[in-house]
Structure formats: structure tokens, C-alpha cells
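Contents: one structure, followed by commentary.
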Amino acid sequence: MIHTRNIQKVYQRGEHARQALQNINIDIEEGEYVVVSGPSGSGKTTLLGLLSLVDVPSGGEIYFKGTEVAHMSESRRNKLRRKHIAVVFEHIHLIDELTVFENIEMPLLYISYSRKKRRRIVEELMERFRLTHLRRQYPGRLDDFIQQKIALARACSSSPDVIFADEPTGRLNSTESDEFLDLFRELNEAGQTIVMATHSSDAARHGQRIIPLYDGHVVSRVTEPG
Ligand code: ADP
Ligand code: MG
């Protein structure tokens with residue numbers, strides 16, 4: 001579904017150039033649950049930004065469902081992203097002025113679904129993530145774990161081809177993290193493609209496959225000293 005060929009990312013700050021990613025070649029297939037793991041600063045967020053079509057690389061190619069996207073116009077790329085991709089972040093971006101129901105419904109307003117169809121989708125998701133009793137509440141008053149579940153339900157609502165999650169358990173305690181990652185596993189078992197970035201080795205264990213990043217490149221294996 002997603003293939004990268006020698007992608008690089010250089011951040012230019014005045015005279016200083018920082019190579020955040022170099023020679024990244026990865027392939028993510030439909031139905032996979034891939035974890036990008038590595039210490040802080042290793043390039044996980046940068047890589048997710050490229051794979052999720054938010055940002056473009058400084059060099060190399062990215063193929064999304066067969067189409068090269070690194071050199072495409074911004075407006076075409078944005079259109080492609082909105083249609084196929086959803087993202088969940090560590091810092092949960094919900095709209096405090098909208099209810100739980102309305103937040104989850106949001107992405108569906110960009111698709112020409114009837115009100116009835118939207119309601120059916122949102123109700124199924126609230127049921128699945130045990131949020132139904134909170135449907136009329138405002139998210140700002142709910143705790144981080146519940147908010148992250150709402151963000152995940154919202155990410156699922158438009159049936160994206162792939163869900164990206166950048167440190168989604170960063171604000172959760174270990175019990176909440178496990179419960180949240182169980183939802184990822186259930187989604188993946190139902191066929192959802194997921195790409196998660198995390199610096200937590202506990203969280204990384206939940207995926208099917210790990211892409212280990214270190215100083216901006218993919219390391220094939222952790223080498224033991226000596
Ligand atoms: P991670 O998510 O693994 O912590 P990042 O992708 O955020 O890593 O960062 C990788 C490297 O790129 C770091 O050295 C970071 O300082 C640098 N970097 C990230 N974003 C920017 C930016 N917008 N401008 C300049 N440097 C950046
Ligand atoms: Mg990061």
C-alpha cells in the first residue's frame with residue numbers, strides 16, 4: 001500500500017541543515033500493523049508525517065496505492081490524504097465545542113453520506129469503544145484515556161485505508177495503554193492497516209512488525225556491543 005524509495009528529510013534552519021531521515025526504504029502492505037520504534041529524536045514523527053502525506057521528503061519517492069506522492073501538487077496530495085488516511089496523535093485534538101457524537105461524526109461531513117448513514121456509523125463506533133453513554137458530553141471534561149478513544153473513533157469513522165498513530169499512548173498510564181492498544185489489535189484483526197510510532201518498547205510489542213529507527217535510518221538489527 002505504501003512504498004518508499006530512498007527517502008531523505010533535511011530540515012534547514014538558517015545555515016544549519018539537519019538530516020532527520022536518510023535512505024528510508026520501507027514497504028507497508030494492506031492489513032499490516034507496523035510499529036515504527038526508536039528513541040526520541042530518531043525521526044519517527046518525521047517519517048509518519050511523510051507516510052501520512054502531511055509533509056514531503058527532501059529526496060526520494062513515496063508510492064501510496066501505486067501513485068507517486070512526493071512530487072505531486074499539495075492540493076492533490078491533501079485530497080488523497082483526506083480520502084484515505086486518518087491520524088491519531090499524542091496530543092489529542094478534539095473540538096471542545098462539539099459533543100462526543102459530533103466529534104466522531106466530523107470526518108463524515110466531508111463525505112456525501114445521509115444523516116441516517118452518518119448516525120449509524122457513529123453509533124456503531126461509540127458502541128465498539130464503549131462511549132455510547134457519553135454521546136452528549138463535551139470532550140474537554142473527559143479524561144485523556146476517554147479522549148484518546150474518541151479520537152480513535154473519529155479516525156475510524158471515514159473508514160480510512162490506513163490509520164497512523166504517533167505516540168498514541170504517550171498520555172496514558174500502563175493499564176490504559178494496554179486497553180487502548182487492545183483496540184488497535186481488534187481493529188487490525190478486522191482488517192485495518194495501522195502504522196504506529198512509539199518510543200515505548202512495551203507499546204512496540206503490540207504490533208505485528210517493527211521498523212526500528214535510529215538517528216534517522218532504519219537499522220536492520222540491534223547490535224550488541226562486543
Ligand atoms: P522522534 O519523533 O523520533 O522523536 P522527530 O521526527 O520528531 O523524531 O525528529 C527527528 C530529528 O529532526 C530531531 O533531531 C529533531 O530535532 C529534528 N526535527 C524535527 N522536526 C523539525 C523541524 N520542524 N525543524 C527542524 N528540525 C526538526
Ligand atoms: Mg515524535
Side-chain angles (χ1 to χ4, degrees), residues 2-28 32-64 69-72 74 77-78 81 85-94 144-145 147-149 151-152 154-155 160 162-174 176-178 180-181 183-184 188 193-223:
I2 305 170
H3 307 281
T4 75
R5 292 296 164 256
N6 284 321
I7 52 173
Q8 324 266 341
K9 182 70 183 180
V10 178
Y11 289 112
Q12 196 75 41
R13 239 189 224 153
E15 303 215 324
H16 297 276
R18 173 148 203 139
Q19 178 120 30
L21 292 174
Q22 42 190 313
N23 294 324
I24 307 280
N25 291 290
I26 54 181
D27 300 292
I28 296 166
E32 278 203 293
Y33 178 2
V34 176
V35 175
V36 177
S37 85
S40 177
S42 56
K44 303 179 297 297
T45 295
T46 302
L47 181 59
L48 251 63
L50 299 178
L51 299 178
S52 63
L53 315 190
V54 172
D55 201 2
V56 286
S58 318
E61 285 142 35
I62 302 177
Y63 295 88
F64 182 80
V69 293
H71 300 91
M72 144 186 302
E74 192 174 342
R77 204 176 64 246
N78 286 340
R81 185 180 70 243
I85 290 172
V87 187
V88 177
F89 299 94
E90 175 175 8
H91 296 279
I92 308 158
H93 305 287
L94 295 169
D144 285 344
F145 176 50
Q147 287 197 35
Q148 195 58 298
K149 288 208 295 183
L152 181 59
R154 182 180 60 180
V162 46
I163 294 178
F164 289 94
D166 193 357
E167 309 276 5
T169 58
R171 294 158 76 95
L172 311 183
N173 69 30
S174 63
E176 294 166 343
S177 291
D178 284 345
F180 191 78
L181 293 170
L183 295 175
F184 271 16
N188 176 250
T193 311
I194 298 173
V195 181
M196 170 172 75
T198 181
H199 68 269
S200 149
S201 46
D202 282 342
R205 272 195 280 279
H206 286 254
Q208 277 173 348
R209 175 161 75 92
I210 293 180
I211 297 176
L213 267 193
Y214 197 79
D215 285 350
H217 38 262
V218 176
V219 287
S220 49
R221 146 179 339 133
V222 180
T223 42

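Both ligands and their constituent atoms are indexed starting at 1 by order of listing. Quick note: numbers below take in every heavy atom, side chains included, and nothing from hydrogens, waters or symmetry partners.
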Chi angles and distances behind the side-chain hydrogen bond (donor to acceptor under 3.5 Å, both in side chains) call for Gln208, Glu32
CA-CA 7 Å; Gln208 277 173 348; Glu32 278 203 293; over 6 Å; no
To which protein heavy atom is atom 6 (O) of ligand 1 closest, and what is the distance rounded to 0.1 Å?
Thr46 OG1, 2.5 Å
Tightest non-hydrogen contact, residues Ala165 and Leu48, listed as O-CD2, 3.5 Å
Identify, for atom 19 (C) of ligand 1, the protein heavy atom at the shortest distance, and state residue, atom and that distance.
Tyr11 CE1, 3.4 Å
Nearest-contact summary for atom 4 (O) of ligand 1 - protein heavy atom, Å:
Gly41 N, 2.7 Å
Just jot down the ligand 1 atoms closer than 4.0 angstrom to any heavy atom of Ser40, in number order.
4 (O)
Tell me whether Arg81 contacts the main-chain N or O of Leu53 through its side chain, where contact means a donor paired with an acceptor under 3.5 Å.
yes
Ignoring hydrogens and angles, tell me if any N or O in the side chain of Thr198 forms a donor-acceptor pair with the backbone of Ala203 under 3.5 Å.
no
By number and element, which atoms of ligand 1 are closer than 4.0 Å to a non-hydrogen atom of Arg18?
14 (O)
Any idea which protein heavy atom is nearest atom 7 (O) of ligand 1, and the distance to it?
Thr45 CB, 3.7 Å
Starting from atom 8 (O) of ligand 1, locate the nearest protein heavy atom and write down its residue, its atom name and how far away it is, to 0.1 Å.
Gly43 N, 3.1 Å
Let me confirm one number: the CD-CG distance from Gln148 to Leu94, rounded to the nearest 0.5 Å.
8.0 Å
I'd like to know whether ligand 1 has Ser42 as a neighbour, heavy-atom separation below 4.0 Å.
yes
Using heavy atoms and a threshold below 4.0 Å, how should the contact between Ala197 and ligand 1 be classified: side chain, backbone, both, or neither?
neither
Is it true that Pro39 lies under 4.0 Å from ligand 1, counting heavy atoms only?
yes
To the nearest 0.5 Å, atom OG1 of Thr46 lies from atom NZ of Lys44 at 9.5 Å
Rounded distance (nearest 0.5 Å) linking atom CD1 of Ile62 with atom CD1 of Ile2:
9.0 Å
Given the protein's heavy atoms, is any one of them under 4.0 Å from atom 15 (C) of ligand 1?
no
Got a salt bridge between Arg5 and Asp27, using NZ or NE/NH1/NH2 to carboxylate O under 4.0 Å?
yes
Hey, is His199 touching ligand 1 through its side chain, its backbone, both or neither, going by heavy atoms under 4.0 Å?
neither
Which of these, Glu90, Lys44, Glu167, has its nearest heavy atom closest to atom 3 (O) of ligand 1?
Lys44
So, Ser40 and the Mg ion (ligand 2): N/O/S under 2.8 Å, yes or no?
no
Strictly distance-based, threshold 3.5 Å: is any side-chain N or O of Lys9 a donor or acceptor partner for the main-chain N or O of Arg18?
no
With a cut-off of 4.0 Å, which atoms of ligand 1 are near a heavy atom of Arg13?
24 (N), 25 (C), 26 (N)
Does any N or O atom in Ala20 lie less than 3.5 angstrom from one in ligand 1, N or O only?
no
Donor-acceptor contact present, side-chain Asn6 to main-chain Asn23, <3.5 Å
no
